[in-house]
A.B. asks: 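Pasting a structure below so you can have a look.
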Number of protein chains: 2
Amino acid sequence: METPVCTDATTADLPFDVFARACPSRETLEHVTGRWGSLTVGALRDGPCRFNELRRRVEGVSEKMLSQTLHALERDGIVHREAQPTNPPRVDYELTPLGREVADRLLSLIHFLEGSMDEVLVSRRSYDTARGGR
Amino acid sequence: METPVCTDATTADLPFDVFARACPSRETLEHVTGRWGSLTVGALRDGPCRFNELRRRVEGVSEKMLSQTLHALERDGIVHREAQPTNPPRVDYELTPLGREVADRLLSLIHFLEGSMDEVLVSRRSYDTARGGR
DNA sequence: CGGCATCCTGTTTGATACTG
DNA sequence: CAGTATCAAACAGGATGCCG
């Protein structure tokens, strides 16, 4: 008695609908847009990268969160992990072809936002002053 | 290589860099890509919408979270709130021009992911079986 | 270097109840 | 209808320690 889970209502004809409660696409969207997911994917668009360099690119991420984020992205097929059994170990992460498509769309959003921050900041100030002490 | 907070290192010449620790663009990105933020913005791209209808479009969101999400988006200038002092009250939410630009980029990502879920699901299965019980 | 396991805390979230 | 208030539960995230 599975509910038809992902019968699309908004965009028609796609089997997956992120707006539907239990659609797996929602999980993937969260992996990709999550706090660290978006930055990780975005950072990897600059090229393959080792664990600790990635950590440096994504300022503020902890080892644990980066590790966790990378696992989720690897599982979804967004990121490829290449480990060399050398000593000390060397592991490179890179975007898959799918991941690159995702990254491009994400970066389009990110760059747009970066370029709109002046406007955002103005909006914030007027919002805040409009309801001053509250 | 210090940290003048928002000196862009990756894309050059933009004053805001989401990869930098304390850049305000990171907050906005989180509002927009957050668990409910992305779905709310995406849902509003279908047109202005009252509170409870929005709740229905974004399956699974609670009143509290939707309210909170909308406030953050309104403050950032992504969403406009239009309240009529009637009884019962009627409040319409809609995207600002800025919000529409954001929504378009977000939906591009969302639709791409929805269309890639078969691939994602295959990747998940092989990842899971590759490390079976563990 | 590139992790994983554990512990522990603060934030986020979701029900529930209540208001104008 | 359109929210706010409150409280408990869940989870994210940091710190630390260990290992190949």
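What you see below is based on every heavy atom in this structure, not just the backbone, and it leaves out hydrogens, waters and symmetry mates. The shown structure was predicted, so the numbers you read here are calculated from the model rather than taken from an experiment. In what follows, every chain begins at residue 1, and chains take the letters A, B, ... in the order their sequences are listed.
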A.B. asks: Expressed in angstrom and rounded to an integer, what is the separation of B/Glu27 atom CD from C/dT11 atom P?
C.D. replies: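 Distance check: B/Glu27 CD to C/dT11 P gives 15 Å.
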
A.B. asks: So if I take residues 63-74 of chain B and measure heavy-atom distances to DNA chain D, which residues fall below 4.0 Å?
C.D. replies: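 By residue number: B/Glu63, B/Lys64, B/Ser67, B/His71.
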
A.B. asks: Got a donor-acceptor contact below 3.5 angstrom from the B/Ser108 side chain to the B/Asp104 backbone?
C.D. replies: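 Checked: no pair found.
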
A.B. asks: Grab the two heavy atoms, one from A/Cys23 and one from A/Asp17, that are nearest each other, plus how far apart they are.
C.D. replies: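 In terms of heavy atoms, the two residues are closest at CB-O, 3.1 Å.
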
A.B. asks: What is the distance, rounded to the nearest whole Å, between atom CD of A/Glu59 and atom P of D/dG13?
C.D. replies: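 That distance rounds to 17 Å.
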
A.B. asks: Might you point out which heavy atoms bring A/Val58 and A/Ala43 nearest each other, and give the distance in Å?
C.D. replies: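 Residues A/Val58 and A/Ala43, closest heavy atoms: CG2-CB, 3.9 Å.
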
A.B. asks: Going by an N to O cut-off under 4.0 Å, is there a salt bridge joining B/Arg124 and B/Glu119?
C.D. replies: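 Between B/Glu119 and B/Arg124 there is no salt bridge, as every charged N stays at least 4.0 Å from the carboxylate O atoms.
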
A.B. asks: Over how many whole Å does the gap from B/Asp92 atom CG to D/dA2 atom C1' extend?
C.D. replies: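 It works out to 12 Å between those atoms.
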
A.B. asks: Could you walk me through whether A/Glu53 and A/Arg57 pass the salt bridge (charged side-chain N to carboxylate O under 4.0 Å, His left out) check?
C.D. replies: CA-CA 6 Å; A/Glu53 198 206 324; A/Arg57 286 193 197 173; 3.2 Å; yes

A.B. asks: It should be established whether A/Ser62 places a side-chain nitrogen or oxygen under 4.0 Å from OP1 or OP2 of nucleotide D/dG14.
C.D. replies: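 Yes, within the criterion.
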
A.B. asks: Counting only side-chain nitrogens and oxygens, does B/Arg90 get under 4.0 Å of the OP1 or OP2 atom of D/dA2?
C.D. replies: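 The answer is no; no side-chain N or O of B/Arg90 sits under 4.0 Å from OP1 or OP2.
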
A.B. asks: Rounded off to whole Å, could you give me the CD-to-P distance for the B/Glu30 and C/dT11 pair?
C.D. replies: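 B/Glu30 atom CD is separated from C/dT11 atom P by 14 Å.
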
A.B. asks: Would you indicate what B/Arg55 reaches in the nucleic acid, counting non-hydrogen atoms under 4.0 angstrom: base, sugar-phosphate, or nothing?
C.D. replies: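 No contact at all - B/Arg55 keeps every heavy atom at 4.0 Å or more from the nucleic acid.
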
A.B. asks: Tell me the closest heavy-atom pair linking A/Leu121 and B/Pro24, and the distance in Å.
C.D. replies: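 Looks like CD1-CB, 4.3 Å.
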
A.B. asks: Indicate yes or no: does B/Arg105 engage B/Glu101 in a salt bridge with an N to O separation below 4.0 Å.
C.D. replies: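 Yes, this pair counts.
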
A.B. asks: Quick one: which of D/dA2, C/dG3, D/dG13 gets closest to the side chain of A/Trp36?
C.D. replies: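 Comparing D/dA2, C/dG3, D/dG13 against the side chain of A/Trp36, the answer is D/dG13.
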
A.B. asks: Over the length of the helix from C/dC1-D/dG20 to C/dG20-D/dC1, how much do the five-pair end axes diverge, rounded to 10 degrees?
C.D. replies: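 The end axes of the helix from C/dC1-D/dG20 to C/dG20-D/dC1 are about 50° apart, to the nearest 10°.
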
A.B. asks: Got a salt bridge between B/Asp92 and B/Arg81, using NZ or NE/NH1/NH2 to carboxylate O under 4.0 Å?
C.D. replies: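 Salt bridge flag = no for B/Arg81 with B/Asp92.
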
A.B. asks: Starting the side chain at C-beta, find the nucleotide from C/dG3, D/dG14, C/dG2 nearest to A/Asn52.
C.D. replies: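 Among the listed nucleotides, the one closest to the side chain of A/Asn52 is C/dG2.
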
A.B. asks: Which nucleotide in the set C/dC1, C/dG3, C/dG14 lies at the smallest distance from any side-chain heavy atom of A/Pro89?
C.D. replies: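 Closest nucleotide to the A/Pro89 side chain: C/dC1.
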
A.B. asks: Measure the acute angle between the ring planes of A/Tyr93 and A/Phe51, then classify it against the limits of 30° and 60° as parallel, tilted or perpendicular.
C.D. replies: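 Correct class here is tilted.
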
A.B. asks: Output the rounded distance in Å from CG (A/Leu39) to C1' (D/dG13).
C.D. replies: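 Going from A/Leu39 (CG) to D/dG13 (C1'), I get 15 Å.
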
A.B. asks: Tell me whether the OP1 or OP2 atom of D/dA2 has a side-chain N or O from B/Arg50 closer than 4.0 Å.
C.D. replies: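 Checking D/dA2 against B/Arg50, a side-chain N or O does come within under 4.0 Å of OP1 or OP2.
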
A.B. asks: Report the distance from atom CZ of A/Arg131 to atom C1' of D/dT4, rounded to the nearest whole Å.
C.D. replies: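 One finds 14 Å between C1' of D/dT4 and CZ of A/Arg131, rounded.
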
A.B. asks: Looking only at atom types and distance, does a side-chain atom of A/Thr28 sit under 3.5 Å from a main-chain N or O of A/Ser25, one as donor and one as acceptor?
C.D. replies: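 Between the backbone of A/Ser25 and the side chain of A/Thr28 there is no qualifying donor-acceptor contact (under 3.5 Å).
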
A.B. asks: Would you say A/Tyr93 places a side-chain N or O within less than 4.0 Å of OP1 or OP2 belonging to C/dG3?
C.D. replies: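 Yes.
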
A.B. asks: To the nearest Å, how far apart are A/Leu54 CG and C/dC1 C1'?
C.D. replies: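 Between C1' of C/dC1 and CG of A/Leu54: 14 Å.
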
A.B. asks: Of all the nucleotides listed (C/dT13, C/dG3, D/dA2), which has the minimum atom distance to the side chain of B/Arg35?
C.D. replies: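 Closest nucleotide among those given: C/dT13.
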
